[in-house]
Asker: 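Below you'll find the structure I mean.
A quick note: this is a predicted structure, and the numbers were derived from the prediction, not measured. Side-chain atoms are counted along with the backbone in the values below, which use heavy atoms only and exclude waters and symmetry mates.
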Protein chains: 2
Amino acid sequence: MADGRSRAAQKGREMDDRKLRILLAVIDDYVHTAVPVGSRTISRKYETALSSATIRNEMSDLEEMGFLEQPHVSAGRIPTMKAYRLYVDSLLSGGTQVEEADSVREFFFDRVRQMQDVVESAASALSELTRYTAVVLMPKQLDLKVSCLQLVPMNTGSALLVVITDGGVIRNQVIRVSENLDSDALYAISKVLTSRLAGRTLQQVTEALAIYSRYSGADQEVCGAIADMASQMARQTGTDTIAVSGSHNILNYPEYSDVDKARAFLSVLETKDKLLSFLPEEREGFTVRIGPEMGLREMADCAAVCTSYRIGGGHTGTVGVIGPARMPYGRIIGILETVGEALTGLMGETAR
Amino acid sequence: MADGRSRAAQKGREMDDRKLRILLAVIDDYVHTAVPVGSRTISRKYETALSSATIRNEMSDLEEMGFLEQPHVSAGRIPTMKAYRLYVDSLLSGGTQVEEADSVREFFFDRVRQMQDVVESAASALSELTRYTAVVLMPKQLDLKVSCLQLVPMNTGSALLVVITDGGVIRNQVIRVSENLDSDALYAISKVLTSRLAGRTLQQVTEALAIYSRYSGADQEVCGAIADMASQMARQTGTDTIAVSGSHNILNYPEYSDVDKARAFLSVLETKDKLLSFLPEEREGFTVRIGPEMGLREMADCAAVCTSYRIGGGHTGTVGVIGPARMPYGRIIGILETVGEALTGLMGETAR
DNA sequence: GTTAGCACTCTTTGATGGTGAGTGCTAACT
DNA sequence: AGTTAGCACTCACCATCAAAGAGTGCTAAC
C-alpha cells in the first residue's frame with residue numbers, strides 16, 4: 001500500500017504534455033460543437049498520430065483526475081469546470097491575441113459620447129461582437145467633486161441646471177425658476193454658485209445649500225432644486241449603474257434550449273443584486289468565474305469573464321461577458337481587452 | 001338552391017347574443033389557460049344554463065363563421081385572429097376600465113426625468129406592469145427649432161455644449177475649445193450664438209454655421225463642433241428613437257416554449273426596421289394589430305396594442321405592448337391608457 | 001507504450017397500443 | 001323549433017418496447 005504512492009503507480013495521474021494537449025482538444029471541440037466528444041473524434045481531428053484506444057486511455061486518466069466527465073457511461077466526455085479553469089489559467093498566463101481591435105473601435109465611433117451613452121454602447125458592441133451577454137458597470141463615485149454649475153435658460157419660468165463634476169460626469173435637470181430671471185441673471189447666479197460650490201463633493205453641496213438658502217430669499221427655489229439634484233446625483237453615483245446587452249444571445253446556445261433554464265438565466269440578469277454578486281470588485285487584469293465560482297445556483301453552469309477600465313480620478317469600472325461555461329475564452333478575452341482599452345480611452349476623453 | 005339563402009338556412013350563420021357570449025367565454029378562457037377549450041368547460045364554467053351539446057352546436061357554427069378553429073379534429077376550440085379582432089373592437093367601442101393608474105404613476109416618480117430617461121423608464125414600467133414586451137417610440141422631430149445654445153466650462157480646453165430646442169429636447173456634448181477662453185468668454189460666445197441661431201431649425205443652424213465660421217477666425221473650432229452636433233441632432237431626431245423593454249417576458253408564455261420561435265420573436269425586436277413596420281403612424285386612440293395584420297411572418301401569431309402620447313410642439317410619440325395574440329386586451333388597454341397619459345404629462349413637464 | 005478487437009452499456013429513434021378528451025351526429029324530449 | 005342525452009369516432013398523448021449506433025473498458029497482441 002505504501003508503494004501505491006510510488007512513481008509508477010502515480011504515473012497515470014500526473015498531467016503530462018500529451019494529456020494536456022488531449023484535454024485542450026476536448027475543450028476546443030466541445031466549445032464549438034456542444035456535443036460530448038469521443039476518443040475517435042480526437043484521434044481523427046486533433047492527435048492524428050495516436051489511435052482512439054490510446055486517447056481512450058488518456059481520457060480515462062483525465063476523467064480520474066477530474067478534468068473530464070461523462071454525461072452517461074457510453075457517451076463521449078465533456079470538460080468539467082476544473083478543466084475550464086485550467087484552460088483559462090493557461091490562457092491568462094500567456095499573452096492574448098488581439099485581432100478584432102479594428103471592428104471594436106468601429107463600433108464606438110458613430111455614437112454620442114456621454115458617460116451613460118458610452119457605457120451602453122460599449123455593452124451593445126461587446127454583446128454583438130461576442131454573441132454573448134455583455135455587462136458594463138459604471139464605477140461608483142462616492143467622492144465626486146463639483147467643478148461647475150450652470151443654469152441655461154429654457155422657457156420663461158424654467159431653466160436647465162447643468163452640473164459638471166471632476167470625473168467628467170454630467171447631469172442636467174429642468175428646474176423652475178422665478179419668471180423675472182433672464183439669461184444674464186441666470187448666468188450671474190451660476191457664477192456665484194460655481195465659485196462657492198466648486199471643489200466640494202456632492203454631499204457637501206447638499207449640506208451647503210441647506211444653509212445658503214436661508215440667507216438668500218429670492219433664490220431659495222433654485223437652491224432647493226440644486227440641493228435636490230445634488231443629493232440625487234450623490235445617490236445615483238454611489239449606486240452601481242449597470243448596462244446589460246444581448247441577454248437573449250443565450251438562446252443561441254443549445255445548453256439553453258430548455259426555456260426554463262433560459263428564463264432562470266435571464267431573470268438573474270434582471271436582478272441587480274444577483275448580477276452584482278458575481279461581478280468582481282475592481283482589480284487589475286482579467287477575472288474569470290466558472291460554474292460554482294459564480295456563487296449562484298442559477299448560474300452553476302455559466303461563466304463570467306471580466307476586466308476593468310479606468311476613468312478619470314482613479315475610478316475604475318467593470319466590463320464583462322457572461323455565457324455558458326463552454327465559451328471560447330481565448331476569443332472573449334481578446335475582445336474584452338480591446339473593449340476595456342477603448343472604454344478607458346473614451347472615458348478619459350469625456351472626462352478630461 | 002335559391003332558398004339556400006333563405007332566412008332559415010342562414011340562421012345558424014348569424015351572430016346572435018348567445019353566440020357572442022359563448023365566443024367571449026372561449027376567448028377569455030383561452031387567454032388565461034392557453035389550452036384549447038371544449039364545450040364542456042364552457043358549459044360548466046360560463047354558460048351553466050346550457051348543456052355541453054348545445055354549446056357544441058353553437059361552437060360548430062362559430063367555427064363555420066370563422067371565429068373559432070380546432071388545432072386538430074378532437075381537441076377543443078381556440079379563437080382565430082378574427083375572433084380577437086371582434087373582441088378588441090367591442091372593447092374599444094366601450095370605455096376602458098382604469099384601475100392600475102396608481103401603480104403606473106408610482107413607477108415613474110422615482111426616476112430621472114429627461115427625454116431619453118423618461119422614454120426608457122416608461123418602457124420598463126410598462127413591461128413590468130403588463131408582463132409583456134413594451135415599446136416606446138420617441139417622436140420624430142424634423143422641425144425642431146433651437147431655442148438656446150450655451151457653452152459650460154469644463155477643464156481648460158474643453159467645454160460642454162448644451163443645446164435646447166423648443167420641443168424641450170436637450171442634448172449636450174463635450175467639445176474642445178481654445179484654451180484661453182474662460183467662463184465669461186464662453187458665456188459671451190453663447191449669447192452671440194443664441195441670438196443669431198435661436199428660432200432656426202437644426203438644419204438651418206448647420207447651414208448658417210458653415211457660413212458664419214468663415215468670418216470668425218478664432219472661434220472656427222467652436223462653430224465646427226456646433227455644426228457637427230446640430231447635424232447629428234437633426235439626424236437623430238429625424239430617426240426614430242426606440243426603447244424596448246421586457247422582451248424576454250415572451251418566455252413566460254407557453255406559445256413560445258419553442259426556443260426557435262422565441263428567438264425569431266426576439267430578433268424582430270432587435271431589427272429596428274421590422275419593429276417600426278408594425279408600429280402605427282401617429283394617430284389618436286388605440287391601434288390593435290392582430291396576427292396577419294402585423295405584416296411579418298415572424299409575428300403571425302402575435303399582436304400589438306399601441307397608443308400615442310403628446311409632447312410639446314404638436315409632436316406625438318407611440319407607446320405599445322407586443323405579445324402573443326392571446327392577450328388580456330382589456331387589461332392591456334387600460335394600462336396603456338394610463339401610461340400614455342403619464343407620458344404626455346411628463347413630457348409636457350420636461351418640455352415646458 | 002501502443003493498438004486492434006470485442007463485449008457491453010446506454011441514449012436515441014421509431015413503432016405500437018392503450019387512454020382520454022372532445023367532437024359530430026342522431027334521436028328523443030320540452 | 002330549440003335543447004339535450006347518448007354513442008361512435010378521432011386523434012393527441014403517453015408509456016412501453018425493440019433495434020440501431022456511438023462510445024467505452026478491458027484484454028491480448030504488437
Side-chain angles (χ1 to χ4, degrees), chain A residues 7-14 16-19 21-23 25-26 29-30 33-65 67-79 254-255 257-258, chain B residues 6-19 21-23 25-26 29-30 33-65 67-79 254-255 257-258:
Chain A
R7 215 181 312 140
Q10 278 270 325
K11 191 69 187 280
R13 315 233 176 150
E14 277 164 24
D16 58 21
D17 184 56
R18 193 173 72 179
K19 277 194 175 52
R21 281 208 320 276
I22 291 176
L23 179 56
V26 172
D29 202 77
Y30 186 68
T33 65
V35 165
V37 8
S39 52
R40 192 136 180 286
T41 311
I42 300 297
S43 163
R44 284 204 301 199
K45 284 213 291 188
Y46 299 86
E47 295 288 331
T48 43
L50 298 176
S51 81
S52 69
T54 309
I55 308 281
R56 217 141 53 222
N57 290 332
E58 296 287 43
M59 283 167 83
S60 175
D61 289 346
L62 284 167
E63 181 168 4
E64 212 169 325
M65 292 159 74
F67 291 109
L68 293 178
E69 63 187 0
Q70 292 180 285
H72 56 270
V73 61
S74 80
R77 257 87 172 192
I78 62 176
E255 30 273 88
S257 53
D258 179 7
Chain B
S6 78
R7 214 182 312 139
Q10 279 269 328
K11 189 71 186 282
R13 316 231 174 152
E14 277 165 25
M15 180 65 82
D16 59 20
D17 184 55
R18 192 173 72 179
K19 277 194 174 49
R21 283 208 318 278
I22 292 176
L23 179 57
V26 172
D29 202 78
Y30 185 69
T33 65
V35 167
V37 8
S39 53
R40 193 135 179 284
T41 311
I42 299 297
S43 162
R44 285 204 300 198
K45 284 213 292 188
Y46 300 86
E47 296 289 330
T48 42
L50 298 176
S51 79
S52 68
T54 309
I55 309 280
R56 216 140 55 222
N57 290 332
E58 295 288 44
M59 283 168 83
S60 175
D61 289 345
L62 284 167
E63 181 167 2
E64 210 169 326
M65 291 159 74
F67 291 110
L68 293 178
E69 63 187 0
Q70 292 180 285
H72 57 269
V73 62
S74 79
R77 258 85 172 193
I78 62 176
E255 32 271 269
S257 55
D258 178 8

Asker: Please walk me through it: do B:Asp16 and B:Lys19 pass side chain to side chain contact (heavy atoms under 4.5 Å, CB included)?
Answerer: CA-CA 5 Å; B:Asp16 59 20; B:Lys19 277 194 174 49; 3.2 Å; yes
Asker: Identify the pairs formed between an N or O of the protein and an N or O of nucleotides 15-24 of chain C at a distance under 3.5 Å, and give each distance.
Answerer:
unit_1	atom_1	unit_2	atom_2	d
C:dT23	OP1	B:Ser39	N	3.1
C:dT23	OP2	B:Ser39	N	3.3
C:dT23	OP2	B:Ser39	OG	2.6
C:dG24	OP1	B:Arg77	NH2	2.5
C:dG24	N7	B:Arg56	NE	3.3
C:dG24	O6	B:Arg56	NH2	3.3

Asker: What closest approach, in Å, do B:Pro79 and B:Tyr30 show between heavy atoms, and which atom pair accounts for it?
Answerer: CD-CD2, 3.5 Å
Asker: Taking only residues two or more places apart in sequence, or in another chain, which ones meet B:Glu255 in a side-chain hydrogen bond (donor to acceptor under 3.5 Å, both in side chains)?
Answerer: B:Arg326
Asker: Do B:Glu58 and B:Ile55 have side chains that approach each other closer than 4.5 Å (heavy atoms only, starting at C-beta)?
Answerer: no
Asker: Distance-only criterion, 3.5 Å: show the donor-acceptor pairs between side-chain atoms of residues 67-78 of chain A and protein atoms not counting sequence neighbours.
Answerer:
unit_1	atom_1	unit_2	atom_2	d
A:Gln70	NE2	A:Val73	O	2.9
A:Gln70	NE2	A:Ala75	O	3.2
A:Arg77	NE	A:Glu63	OE1	3.0
A:Arg77	NH2	A:Glu63	OE1	2.8

Asker: Report the residues that fulfil side-chain hydrogen bond (donor to acceptor under 3.5 Å, both in side chains) with B:Thr54, sequence neighbours left out, ordered by chain and then residue number.
Answerer: B:Ser51
Asker: For residues 43-54 of chain B, pull every pair meeting salt bridge (Lys or Arg N to Asp or Glu O under 4.0 Å), keeping only residues two or more places apart or in separate chains.
Answerer: B:Arg21-B:Glu47, B:Asp29-B:Lys45
Asker: Counting heavy atoms from C-beta on, name the nucleotide in C:dT11, C:dT2, C:dT3 closest to the side chain of A:His72.
Answerer: C:dT11
Asker: A:Ile55 has an atom CD1; how far is it from atom P of C:dT3, in whole Å?
Answerer: 9 Å
Asker: Within the structure, does a side-chain N or O atom of B:Thr54 lie under 4.0 Å from either OP1 or OP2 of D:dT4?
Answerer: yes
Asker: Using five pairs at each end of the helix from C:dG1-D:dC30 to C:dT30-D:dA1 to define an axis, what is the angle between those two axes, to 10°?
Answerer: 20°
Asker: Counting only N and O atoms by type, is there a donor-acceptor contact under 3.5 Å from the side chain of A:Ser39 to the main-chain atoms of A:Ala53?
Answerer: no
Asker: Over how many whole Å does the gap from B:Asp61 atom CG to D:dG2 atom P extend?
Answerer: 11 Å
